[in-house]
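Read through the structure below, which is laid out as structure tokens, and then see the notes.
Convention: sequence-line order gives letters A, B, ...; per-chain numbering from 1.
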Number of protein chains: 2
Amino acid sequence: MARRYSAQKQIIEDTLAKMDHPTAAEVYEEIRKAYPQISLGTVYRNLGLMADDGEILRLSFPDAPDRFDPNAHEHYHVSCSRCGRIFDTDRTFPSELVRQVDRAVEACTGVRVESRVMMFRGVCAACRSGRA
Amino acid sequence: MARRYSAQKQIIEDTLAKMDHPTAAEVYEEIRKAYPQISLGTVYRNLGLMADDGEILRLSFPDAPDRFDPNAHEHYHVSCSRCGRIFDTDRTFPSELVRQVDRAVEACTGVRVESRVMMFRGVCAACRSGRA
DNA sequence: TTCCATGCAAAGCGTTTGCACACAC
DNA sequence: GTGTGTGCAAACGCTTTGCATGGAA
């Protein structure tokens, strides 16, 4: 059941942890700087497996490659419609609010919520004031 | 600025309205029953344009084709992790809750929310009781 | 020794696009 | 008549996969 150790998976994990919602290709390019022999297929394979195992999050956006998030905890994702940057909500986000929404969703649809990938669009603070 | 009238766009719009979160291919197949001469490219083109204009919603899921929703109003999407069906929240969903979340998101990330595509996973009522 | 993970390259699939033609205006 | 939308098919980009090899257990 447990996966066999592999240096590549370790590197992918460590690299993802240092990046900000990268695509698989971005992870690949970053790793290649230090380990030019790694293959894109391996990066995809490991990211996919980690996402399936719930270790990390895979985020899908229209017309764009998937992005990965090492933080699999419940949080929201917000992308700025001007600069495209992606923000996470953090621990300061009231968790009762999340639970309240879960309950309202279940009341409305009958679905008992297990996980949330919630994406918002808006304009970030930097873009609203001066420049992006 | 206004788009020119086209019978195809009209059909696509009408067909989408009658379906439940279909993919572009599903819309195409449905239309083909009555209008076999329509082309897949036209379906994609029109759905894409409508989504860009905010007329309809385009939903992206990992490892699956995009799905389209004729209802562009603020609502949540919930997909059942067992049967894969997609549910919408409806007007009974408390809108103050949505606004509360928007405010909390802005407090947390600095992003002023303009639109929400919120997707949950869980197990629907049908799957929880008997069979799907 | 066993068999899972890798590297490589090709295939797969959803989606977009270029072009010639048709049709709304 | 002018220019946007269509049909068709080819191209595209992201992602997965088959296969031979290498390395963990």
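The CE atom of A/M50 sits 12 Å away from the P atom of C/dA5 (whole-angstrom rounding). A/D66 has its CG atom 14 Å from the P atom of C/dG14, to the nearest Å. Spacing between atom CG of B/D52 and atom C1' of C/dT15 amounts to 13 Å, rounded to whole angstrom units. Taking atom OH of residue B/Y44 and atom P of nucleotide C/dG14, one finds them 7 Å apart after rounding to whole Å. D/dG5 atom P lies 14 Å from atom CD of B/Q10, rounded to whole Å. If you measure from atom NZ of B/K9 to atom C1' of C/dC25, you get 16 Å, rounded to the nearest angstrom. For the pair B/Q8 CD and C/dA22 C1', the interatomic distance rounds to 10 Å; values are reported in whole Å. Separating the OH atom of A/Y28 from the C1' atom of C/dT6 is a distance of 13 Å, rounded to the nearest angstrom.
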task = For each nucleotide in nucleotides 18-25 of chain D, reading 5' to 3', give B when a protein heavy atom comes within less than 4.0 Å of its base, S when such contact involves only the sugar-phosphate, and - otherwise.
result = B----BBS

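Within the structure, the salt bridge (charged side-chain N to carboxylate O under 4.0 Å, His left out) test picks out the following pairs touching residues 93-104 of chain A (sequence neighbours left out): A/D102-A/R116.
Here the side chain of B/R67 pairs no donor or acceptor atom with the backbone of B/F61 at under 3.5 angstrom. Between the side chain of B/S60 and the main chain of A/S60, no donor-acceptor pair closer than 3.5 Å is present. For A/T15 (side chain) and A/V27 (main-chain N/O), no donor-acceptor pair under 3.5 Å exists by modelled atom type.
Partner of B/I31 under the side chain to side chain contact (heavy atoms under 4.5 Å, CB included) criterion, out of B/L16, B/T42, B/I38, B/L40: B/I38 alone.
For C/dG7, one of the phosphate oxygens OP1 or OP2 lies less than 4.0 angstrom from a side-chain nitrogen or oxygen of A/T42. Of the side-chain N and O atoms in B/Q37, none sit less than 4.0 angstrom from OP1 or OP2 of D/dC8.
Side-chain proximity of B/P65 to D/dT15, C/dT15, D/dT6: nearest is C/dT15.
Of all heavy-atom pairs between A/I56 and A/L47, the closest is CD1-O, 3.7 Å.
In this structure, the salt bridge (charged side-chain N to carboxylate O under 4.0 Å, His left out) partners of A/E55, at least two apart in sequence or on a different chain, are A/K9.
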